[in-house]
Amino acid sequence: MKEILLAYASMSGNTEAIADLIEEELVKHGLHVKRAEVYDIAASDLVLAESIIFGAYTWGDGELPDDFLDLYDEMDDIDLSQKQMAVFGSGDSSYDVFCGAVDLIEEKIKGRNGNIAVPGLKIELSPFGEDVEKCKVFAKDFAEVVAKSAAS
């Protein structure tokens, strides 16, 4: 069974609620999810993982949350090639930069040769209404990429 590392930072619970929906959908697709808050993992955990999904809320004017900063910096020292990865996040569209943390993490992954398997998922505050379906589709699409990579 393929294992997905699902690591996220959540302050208000919004990003955690998105992680809940994504995990539920991944499990429906037969994947095992190793879930962790981002401050509980290190770069060595990323090296061992085959597939990784990151989640983060956006702080201030499009910045990463403090709890993501150490891992973000540690990622400079590892090669993420051969890994299927995706990023989701929550944000507030009243700020000039909406869900900027998603963009920053995706740029870091690309800079470390990682493969962004599905486009970033950006949710306004907490998943509600049609956002719940967006979360499920994000997870389903990621699960399909992981299944195809396992078959090849």
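Under the 3.5 Å distance criterion, the side-chain polar atoms of Glu23 are left unmatched by any main-chain donor or acceptor of Leu6. Under a 3.5 Å cut-off, the side chain of Lys34 and the backbone N or O of Glu3 do not form any donor-acceptor pair. A distance-only check finds a donor-acceptor pair linking the side chain of Arg112 to the backbone of Ile78 [under 3.5 Å]. In this structure, the side chain of Thr58 engages the main chain of Ala101 through a donor-acceptor pair within 3.5 Å. Side chain of Thr15 to backbone of Ser10: no donor-acceptor contact under 3.5 angstrom is found. Checking side-chain atoms of Lys140 against main-chain N and O of His29 turns up no donor-acceptor pair under 3.5 Å. Remark: side-chain polar atoms of Arg35 are not paired, donor with acceptor, to backbone N or O of Ala7 under 3.5 angstrom.
A chain of hydrophobic side-chain contacts below 4.5 Å, direct or via other Ile, Leu, Val, Met, Phe, Trp or Tyr residues, connects Val38 to Val47. By the criterion of side-chain heavy atoms lying less than 4.5 angstrom apart, applied directly or through intervening Ile, Leu, Val, Met, Phe, Trp or Tyr residues, Ile116 is grouped together with Met75 in one hydrophobic cluster. A continuous path of ILVMFWY side-chain contacts below 4.5 Å connects Val33 to Tyr8, so both sit in one hydrophobic cluster. Criterion: ILVMFWY side-chain heavy atoms under 4.5 Å apart, direct or through other members. Under it, Ile52 and Ile41 are part of a common hydrophobic cluster. By the rule that hydrophobic residues join a cluster once side-chain heavy atoms approach within less than 4.5 Å of another member, Val137 and Leu26 end up as members of separate clusters.
Connectivity analysis of hydrophobic side chains (ILVMFWY, heavy atoms under 4.5 Å, direct or indirect) links Phe98 to nothing; its cluster partners are none. Hydrophobic side-chain contacts under 4.5 Å tie Trp59 into a cluster, directly or through other members, with Met11, Tyr57. Cluster note: Val132 groups with Leu21 through ILVMFWY side-chain heavy atoms spaced under 4.5 Å, whether in direct contact or through intervening members.
Interatomic distance, CD1 of Ile18 versus NZ of Lys122, reported as 12.5 Å (0.5 Å rounding). Rounding to the nearest 0.5 Å places CD of Glu24 at 5.0 Å from NZ of Lys28. Atom CG of Asn115 is separated from atom OG of Ser51 by 10.0 Å, given to the nearest 0.5 angstrom. The distance from atom CG of Leu46 to atom CG of Asp79, rounded to the nearest 0.5 Å, is 12.0 Å. If you take OG on Ser126 and CD on Glu16, they are separated by 10.5 Å, rounding to the nearest 0.5 Å. Annotation: the span from Asp45 atom CG to Glu74 atom CD amounts to 9.5 Å, rounded to 0.5 Å.
Comment: Asp76 engages Lys108 in a salt bridge, judged by a side-chain N to carboxylate O separation of less than 4.0 angstrom.
Every residue two or more places apart in sequence or in another chain that forms a salt bridge (Lys or Arg N to Asp or Glu O under 4.0 Å) with Glu50 is listed here: Lys2. Applying the ring-ring contact (aromatic ring centres under 6.0 Å, His included) rule to Phe142 yields no partners; only residues at least two apart in sequence or on another chain are considered. Every residue two or more places apart in sequence or in another chain that forms a ring-ring contact (aromatic ring centres under 6.0 Å, His included) with Phe68 is listed here: Phe54.
Closest approach of Leu71 to Ala42, counting heavy atoms only: CD1-C, 3.8 Å. In plain terms, the two heavy atoms of Gly62 and Leu104 that are nearest each other are O-CD1, 3.4 Å. Closest approach of Ala9 to Pro65, counting heavy atoms only: CB-CG, 4.0 Å. Across all non-hydrogen atoms, the minimal contact from Gln84 to Ala117 is OE1-CB, 3.5 Å. Annotation for Leu31 and Ala143: closest pair CD1-CB, 3.6 Å, computed over non-hydrogen atoms.
Of the options Ile105, Leu121, Val118, a side chain to side chain contact (heavy atoms under 4.5 Å, CB included) to Val87 is made by Ile105 and by none of the others.
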Query - Worked check of salt bridge (Lys or Arg N to Asp or Glu O under 4.0 Å) between Asp131 and Lys136 - result: CA-CA 9 Å; Asp131 289 336; Lys136 291 179 179 180; over 6 Å; no
Query raised in the report: Yes or no on side-chain contact (heavy atoms from CB on, under 4.5 Å) for Leu80 and Asn113, after CA distance, side-chain angles and deciding distance?
Result: CA-CA 5 Å; Leu80 296 172; Asn113 304 312; 5.8 Å; no
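Residues Ile53 and Phe138 form a side-chain contact, since some pair of their non-hydrogen atoms from C-beta on lies under 4.5 Å apart. Taking the side chain as every heavy atom from C-beta outward, Val102 and Glu106 approach each other to under 4.5 Å. Put simply, the side chain of Ile123 does not reach to within 4.5 Å of the side chain of Asn14, judged on heavy atoms. Looking at Val146 and Ile4, their side chains come closer than 4.5 Å, going by heavy atoms from C-beta outward.
Glu124 and Ser93 share a donor-acceptor pair across their side chains, judged by distance under 3.5 Å alone.
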